[in-house]
Amino acid sequence: MSESAVDAKELRERVAALLAAHDPATTDRLEFLRARFDAGLAWVHYPEGLGGLNAPRELQSVVDAELAAAGAPDNNPRRIGIGLGMAAPTVLRYGSDELKRRFLRPLWTGEEVWCQLFSEPGAGSDLAALGTRAVRDGDEWVVNGQKVWTSSAHTARWAILVTRTDPDVPKHAGMTYFVCDMTHPGVEVRPLRQITGEAEFNEVFLTDVRIPDAHRLGAVGEGWRVAQTTLMNERVAIGGNAMPREGGMLGKVAATWRERPELRTAELHDRLLTLWVETEAFRLAGMRLRQQLAVGSPGPEGSGMKLAFARLSQALSGLEVELLGDEGLRYDDWTMRRPELVDFTGREAGYRYLRAKGNSIEGGTSEILRNIIAERVLGLPSEPRADKDVAWKDLPR
């Protein structure tokens with residue numbers, strides 16, 4: 001990206017011009033979001049013409065504050081988090097100019113929801129062992145396989161997809177990354193009902209799905225390298241979100257503690273204070289991580305944030321259930337639903353406790369993240385890998 005002379009003053013002027021031309025009180029929501037994207041005020045650090053102005057990333061907060069004060073609509077980021085946090089950075093880095101122009105605008109406005117086709121029944125934590133095959137047929141690729149734990153697949157228009165294109169080389173070398181059309185007749189989405197009663201996740205079956213080579217991200221055989229961009233951004237998106245003090249799950253537990261003094265015990269008090277301090281340290285670490293992102297790309301630090309997020313969510317939800325006693329065992333609704341987003345704070349304590357169990361699995365298991373931190377942050381020796389130089393087709397299954 002080129003250097004930008006855009007500063008906070010100019011951004012405020014651009015916001016004022018946008019509001020003057022598109023009054024949020026009278027402008028259709030989608031029309032306003034499209035106009036905001038075209039004005040370069042969607043994500044200001046992106047290139048001009050792609051929703052940004054090549055401005056410093058930290059200036060996004062200036063735009064967001066001005067628009068919020070004017071009552072402008074947002075793009076419902078929780079609903080389209082996979083697109084914003086994972087697909088967009090990957091398309092921006094590896095996509096052709098044509099793909100960037102085609103996908104980034106409707107992705108940001110929320111017109112097109114995205115999902116992530118990575119994990120498989122036989123290759124969850126070991127993503128590089130995936131077996132979904134993509135075979136070239138002229139200017140297209142024919143894909144067959146199965147993916148699992150796919151959030152938003154039931155609402156998604158597009159998917160980021162990693163496949164096996166060369167089984168004769170070691171597993172990390174024979175992968176290729178694509179954008180997949182979820183409306184293709186060969187794509188079948190089936191709900192996976194969870195312990196919460198909902199089917200937030202899905203399994204996806206791909207049968208003779210044809211993908212144009214023009215929808216490939218990165219070179220053939222470089223899918224692992226492209227996927228690392230997605231995964232690093234995913235972990236930042238999960239663990240590095242901005243949060244106010246006593247926000248999120250901690251806020252729910254602290255509110256119950258203050259409102260229900262009859263439930264308090266000395267032991268629970270000590271645990272709550274410990275988790276309060278740890279959550280505040282986590283929040284401040286997230287602020288520092290976002291500052292680092294403003295001047296570079298996400299690295300393995302995001303894995304540490306995601307690991308801490310999972311541990312704290314599970315500890316806080318467990319403490320909340322204990323604090324509530326018998327009330328904590330109640331559950332409001334086991335109805336089978338296929339929600340568009342996860343609402344941790346909008347449901348009761350029992351839901352938070354059960355849903356938090358998935359935090360140490362989704363976005364990379366906590367065990368895998370500990371390996372990443374050990375090897376890439378602390379510089380410890382890698383674990384022995386007997387399959388490192390073995391062709392994928394020769395791996396035991």
Side-chain angles (χ1 to χ4, degrees), residues 74-86 113 115-116 149-152 154-155 191-202 234-260 268 271-272 274-276 278-283 285-287 289-290 302 305-324 327-366 369:
D74 66 17
N75 58 351
N76 197 358
R78 291 180 59 206
R79 175 176 171 267
I80 57 174
I82 293 175
L84 294 175
M86 303 166 213
V113 176
C115 67
Q116 179 188 26
W149 308 124
T150 308
S151 301
S152 302
H154 54 293
T155 60
L192 282 174
R193 192 173 191 189
Q194 301 149 234
I195 194 173
T196 60
E198 298 178 330
E200 168 200 336
F201 299 108
N202 304 272
E234 177 183 26
R235 287 155 193 168
V236 171
I238 294 175
N241 286 327
M243 185 172 60
R245 178 175 288 184
E246 275 198 18
M249 201 171 297
L250 175 62
K252 303 297 290 188
V253 182
T256 299
W257 180 270
R258 294 187 177 103
E259 295 165 4
R260 303 285 299 278
L268 290 174
R271 285 169 57 192
L272 178 57
T274 298
L275 289 172
W276 195 100
E278 291 181 357
T279 302
E280 180 64 8
F282 170 80
R283 185 182 72 85
M287 291 175 60
L289 177 61
R290 289 188 296 278
M305 292 299 298
K306 196 274 175 180
L307 177 65
F309 166 77
R311 187 184 68 81
L312 286 170
S313 291
Q314 292 174 355
L316 284 165
S317 62
L319 176 61
E320 184 181 22
V321 168
E322 285 190 58
L323 176 62
L324 289 168
E327 295 178 43
L329 299 178
R330 296 174 183 168
Y331 203 83
D332 59 346
D333 189 2
W334 289 101
T335 303
M336 164 65 168
R337 289 188 295 258
R338 304 183 76 181
E340 292 189 3
L341 52 84
V342 180
D343 186 6
F344 273 102
T345 57
R347 297 280 299 275
E348 60 178 13
Y351 172 83
R352 283 189 283 278
Y353 177 76
L354 294 178
R355 180 57 184 83
K357 298 305 178 186
N359 293 155
S360 51
I361 301 172
E362 58 196 350
T365 66
S366 291
L369 297 182

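Below, each value reflects all heavy atoms present in this structure, side chains not excepted, and no hydrogens, waters or symmetry copies.
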Between the main-chain N or O of [Y] and the side-chain N or O of [X], is there a donor-acceptor pair closer than 3.5 Å?
| X | Y | value |
| --- | --- | --- |
| Q314 | A356 | yes |
| S313 | A310 | no |
| H154 | P339 | yes |
| K306 | N359 | yes |

**Item:** Verdict with supporting geometry, M249 and S317, side-chain contact (heavy atoms from CB on, under 4.5 Å)
**Value:** CA-CA 7 Å; M249 201 171 297; S317 62; 3.6 Å; yes

**Message:** Given E200, which partner from the list R338, R337, E340, Q194 fulfils the side chain to side chain contact (heavy atoms under 4.5 Å, CB included) test?
**Reply:** Q194

**Qualifying residues under ring-ring contact (aromatic ring centres under 6.0 Å, His included), relative to F344, sequence neighbours excluded** = none

**Request:** Output all residues satisfying ring-ring contact (aromatic ring centres under 6.0 Å, His included) with W257, sequence neighbours left out; order by chain, then residue number.
**Result:** H269

**Chi angles and distances behind the side-chain contact (heavy atoms from CB on, under 4.5 Å) call for R245, W276** = CA-CA 10 Å; R245 178 175 288 184; W276 195 100; 3.9 Å; yes

**Message:** Once rounded to the nearest 0.5 Å, what's the spacing between atom OG1 of T155 and atom CD1 of I80?
**Reply:** 11.0 Å

**Prompt:** Taking 4.0 angstrom as the limit, do E348 and R330 come out as a salt bridge?
**Reply:** no

**Message:** Contact between R271 and E322 at the side-chain level, heavy atoms closer than 4.5 Å - yes or no?
**Reply:** yes

**Item:** Min side-chain heavy-atom separation V342-Y351 under 4.5 Å
**Value:** yes

